[in-house]
Protein chains: 2
Amino acid sequence: MDDELLAVRVAELYYDENKTQDEIGALLGISRWKAGRLLAQARERGIVRIEIVHPRARRLAIERSLRERFGLADAVVVPTPENESGVQGRVAQAAADFLTSLRPVPRVLGVSWGRTLTDVAERMPDGWATGVTVVQINGGVSLNRRPGTAATLASTIAQRGRGHAVLLPSPAILERLSTKKAIESDRTVAAVLDRASEANAFLYSAGVVDANSAHVESGYLRPEDMDELAARGAIGDVVGRYIDPNGNIVDPSLDERTLGVSLDTLRSAATAILVVAGTAKHDVARAVVTSGLCTVLITDEGTARALLEDS
Amino acid sequence: MDDELLAVRVAELYYDENKTQDEIGALLGISRWKAGRLLAQARERGIVRIEIVHPRARRLAIERSLRERFGLADAVVVPTPENESGVQGRVAQAAADFLTSLRPVPRVLGVSWGRTLTDVAERMPDGWATGVTVVQINGGVSLNRRPGTAATLASTIAQRGRGHAVLLPSPAILERLSTKKAIESDRTVAAVLDRASEANAFLYSAGVVDANSAHVESGYLRPEDMDELAARGAIGDVVGRYIDPNGNIVDPSLDERTLGVSLDTLRSAATAILVVAGTAKHDVARAVVTSGLCTVLITDEGTARALLEDS
DNA sequence: TACGCGACTGCTCAGATGCGCAGTGCGCTC
DNA sequence: GAGCGCACTGCGCATCTGAGCAGTCGCGTA
């Protein structure tokens, strides 16, 4: 019996039958050490595959690579399920878990909005913090369909953290610069923005340049605007601001009319957590990560690998 | 963090990161014993999946069930690959492996013929035995297409075992009983049949009742005969003899005209090895195994599970 | 033939691991 | 409120396991 076959037999007896290497040796007529060595070989050669099968499993090795490669303070990578549809939920869960065990517990948490973050909010455990203040960091949506999701999201996170939410009562993008300036200088709005920029941690996601974007759906941008942004090299948005692959603002005049914390605020934040999932968002994710917009990345394996592969 | 999630973390650190339970304890702020217990839980609950990925891997647990359930001397079960087309080869390989390590090494080995056994023969390693005599146990085929496969098969096994083959120079099924008796009483043929019935071990496969059967292809039976056999309750054949689900001869007059060792010879043999693979053969396999026609079963996981599930 | 080299084997020994046990805290019952 | 059972924790100890080491064998070379 050649060594490879022998290694298979040893692995079977060890892992499937819970025999000790000693027993296996006796059984197969080899020494206990040889059994051990064959077992090691079986593992090395990939004959034995050990997998952690759990919706909340993580990919620590990839996380380490991400941290090193992009100088991140932390990274969380969850396996992409065969069926990509579940990936968003898994990443959201991971974000909720991360936030829950984040130390020191942030007193003021700045949050953006979007489908992904809504998912995260729903997954926050009750009592994840005691007395957190959740501040919206960019203008809210009022989707015609589901009004108030942005506000709900912030409130949910706040409530579960035994604290309260500070909402930003403003559209995401104003049609005219003067209006934006006016709103911005309103006492209550200014106060919110102040709190926002002082947050201990920011939690946000990223959007893609696409006619289905929430900005279009909510009427802040027209499909033509999206085309224009795309033509100018935009690959997605972060806290409502459209960036190119280098993380630079694509359309300064549009950006001027966008209400919320600036990208620089994110860049200089001690903790800026990007939550992003799915194939469609690989490009934005890369832009955000490489341009230092986040210190923590929470994503799926597919996205992580895409980030590590090229560039 | 609840215990399940903790168990996932422990498993990741243990299996993916090669940390000791001690280190894991320190890392997660739990005692080394708790880490160990969580690890055990993770394995029990199936969070950790350990798999032996190898074409020659086996399913020892199922083998044990088969032995116990059907009182077999031995059983070999290989995992069914996703792509069922490879299953035949794997089972054949397993049969070759089994024969190679069979102790005591049979001096006289009785073999049947067929696609499966041809596969086995091709996979026998050179020098698997020293001086074995391989005897054909039922009438040979002379497929118009590939003449002499039956003989080739026996010779191959014999050559690789440094021995010689004893061929049965006769058709599988004779048209008339008198002819069969005549051939059977021929000195050389009788001598072969004698050797065959004295074999230390028998190696054979099983066929299904089907118009594509080798018996039809070789002209021993007509498609109508097959229909008739099926109508009478035949589910397949063993060494050329058609049996019903209980392992009984379906058509005694046909059986009388079939040349080769009897089913009773197989039933009373010390070692009768059935090699059978694939979904189509589940029924025949069940008939053979439940009616005590074999002492050793070599098959794929799908077939094994089918046998264990019902009845 | 003698020598050197590499592959392999079995061994020692320290470190890692699992089992059984006793102690502790919690909730339930009477 | 006392008593009881149960789940969980940390620990001692026997066992299992991996790393490093020296001895052996086969082979090619000087």
Side-chain angles (χ1 to χ4, degrees), chain A residues 1-54 56-58 60-61 64 97 100-101 103 125-128 130 162, chain B residues 1-54 56-58 60-61 64 97 100-101 103 125-128 130 162:
Chain A
M1 183 144 65
D2 77 0
D3 260 19
E4 176 150 329
L5 185 48
L6 212 45
V8 175
R9 297 283 155 266
V10 172
E12 284 164 351
L13 291 166
Y14 191 80
Y15 287 112
D16 290 347
E17 305 283 297
N18 292 313
K19 304 224 177 283
T20 72
Q21 299 183 4
D22 223 357
E23 294 175 294
I24 296 172
L27 225 51
L28 298 180
I30 55 180
S31 74
R32 148 173 119 64
W33 296 280
K34 171 131 191 165
R37 277 189 259 260
L38 285 169
L39 196 56
Q41 274 182 42
R43 281 186 294 244
E44 278 164 26
R45 298 200 213 169
I47 292 174
V48 176
R49 177 189 294 158
I50 301 182
E51 215 181 341
I52 317 289
V53 200
H54 194 277
R56 284 155 102 166
R58 284 167 58 180
L60 304 180
R64 197 174 325 111
D97 289 344
T100 303
S101 53
R103 294 288 120 73
D126 233 353
W128 71 273
T130 45
R162 309 269 185 270
Chain B
M1 183 143 66
D2 78 1
D3 260 19
E4 175 148 331
L5 186 47
L6 211 46
V8 175
R9 297 285 155 263
V10 173
E12 283 163 353
L13 292 166
Y14 191 81
Y15 288 111
D16 290 348
E17 304 285 295
N18 292 314
K19 303 223 179 284
T20 71
Q21 299 183 4
D22 225 356
E23 292 175 296
I24 295 172
L27 225 51
L28 299 180
I30 55 181
S31 72
R32 141 176 121 66
W33 296 278
K34 170 132 190 161
R37 278 190 257 262
L38 285 169
L39 196 56
Q41 274 181 44
R43 282 185 293 242
E44 280 164 25
R45 297 199 215 171
I47 292 172
V48 176
R49 179 188 297 158
I50 302 182
E51 215 179 342
I52 316 291
V53 200
H54 194 277
R56 282 156 101 167
R58 284 169 56 180
L60 303 181
R64 196 173 327 110
D97 290 342
T100 302
S101 53
R103 293 288 121 71
D126 234 352
W128 71 272
T130 45
R162 309 268 185 270

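Numbers restart at 1 for each chain; the letters A, B, ... are given by sequence-line order, proteins then strands. Any value given below was found using the heavy atoms of this structure, including those in side chains, with hydrogens, waters and symmetry copies removed.
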Does a side-chain N or O of [X] approach OP1 or OP2 of [N] to a distance below 4.0 Å, or not?
X: A:Tyr14; N: D:dT17; value: yes
X: A:Gln21; N: D:dT15; value: no
X: B:Arg43; N: C:dG18; value: yes
X: A:Ser31; N: C:dG10; value: yes

What integer distance in Å separates [X]:[atom1] from [N]:[atom2]?
X: A:Glu44; N: D:dA19; atom1: CD; atom2: C1'; answer: 14 Å
X: A:Leu39; N: D:dC16; atom1: CG; atom2: P; answer: 15 Å
X: B:Leu38; N: D:dG10; atom1: CG; atom2: C1'; answer: 14 Å
X: A:Lys34; N: D:dT17; atom1: NZ; atom2: C1'; answer: 18 Å
X: B:Ile24; N: C:dT17; atom1: CD1; atom2: C1'; answer: 12 Å
X: A:Gln41; N: D:dA19; atom1: CD; atom2: C1'; answer: 16 Å
X: A:Leu6; N: C:dC8; atom1: CG; atom2: C1'; answer: 14 Å
X: B:Asn18; N: D:dG18; atom1: CG; atom2: P; answer: 11 Å

**Message:** Are the side chains of A:Lys19 and A:Tyr14 in contact, using a 4.5 Å heavy-atom criterion?
**Reply:**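 Result no, sub-4.5 Å side-chain heavy-atom pair not found.
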**Prompt:** Is a donor-acceptor pair below 3.5 Å formed from side chain B:Trp33 to base C:dT17, judging by atom type as modelled?
**Reply:**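 Side chain to base: no pair present.
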**Message:** Using every non-hydrogen atom in the two residues, find where A:Val8 and B:Ala57 come nearest and quote the distance to one decimal.
**Reply:**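 Smallest interatomic distance, heavy atoms only, reads CG1-CA, 3.8 Å.
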**Asked** A:Glu23 side chain to A:Thr20 main-chain N or O, any donor-acceptor pair under 3.5 Å?
**Response**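 The answer is yes, because a donor-acceptor pair under 3.5 Å joins these two groups.
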**Asked** So, are B:Asp16 and A:Arg58 salt-bridged, with charged N and O less than 4.0 Å apart?
**Response**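 No, B:Asp16 and A:Arg58 are not salt-bridged.
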**Prompt:** Closest nucleotide of DNA chain D for A:Arg37 versus for A:Lys19: which of these residues is on the 5' side?
**Reply:**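 With A:Arg37 and A:Lys19 compared, the 5'-side residue is A:Lys19.
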List the atom pairs, donor and acceptor, that lie under 3.5 Å between side-chain atoms in residues 31-43 of chain B and the rest of the protein, sequence neighbours left out.
residue : atom : partner : partner atom : Å
B:Ser31 : OG   : B:Trp33 : N            : 3.4
B:Ser31 : OG   : B:Lys34 : N            : 3.1
B:Gln41 : OE1  : B:Arg45 : NH2          : 2.6
B:Arg43 : NH1  : B:Tyr15 : OH           : 2.9

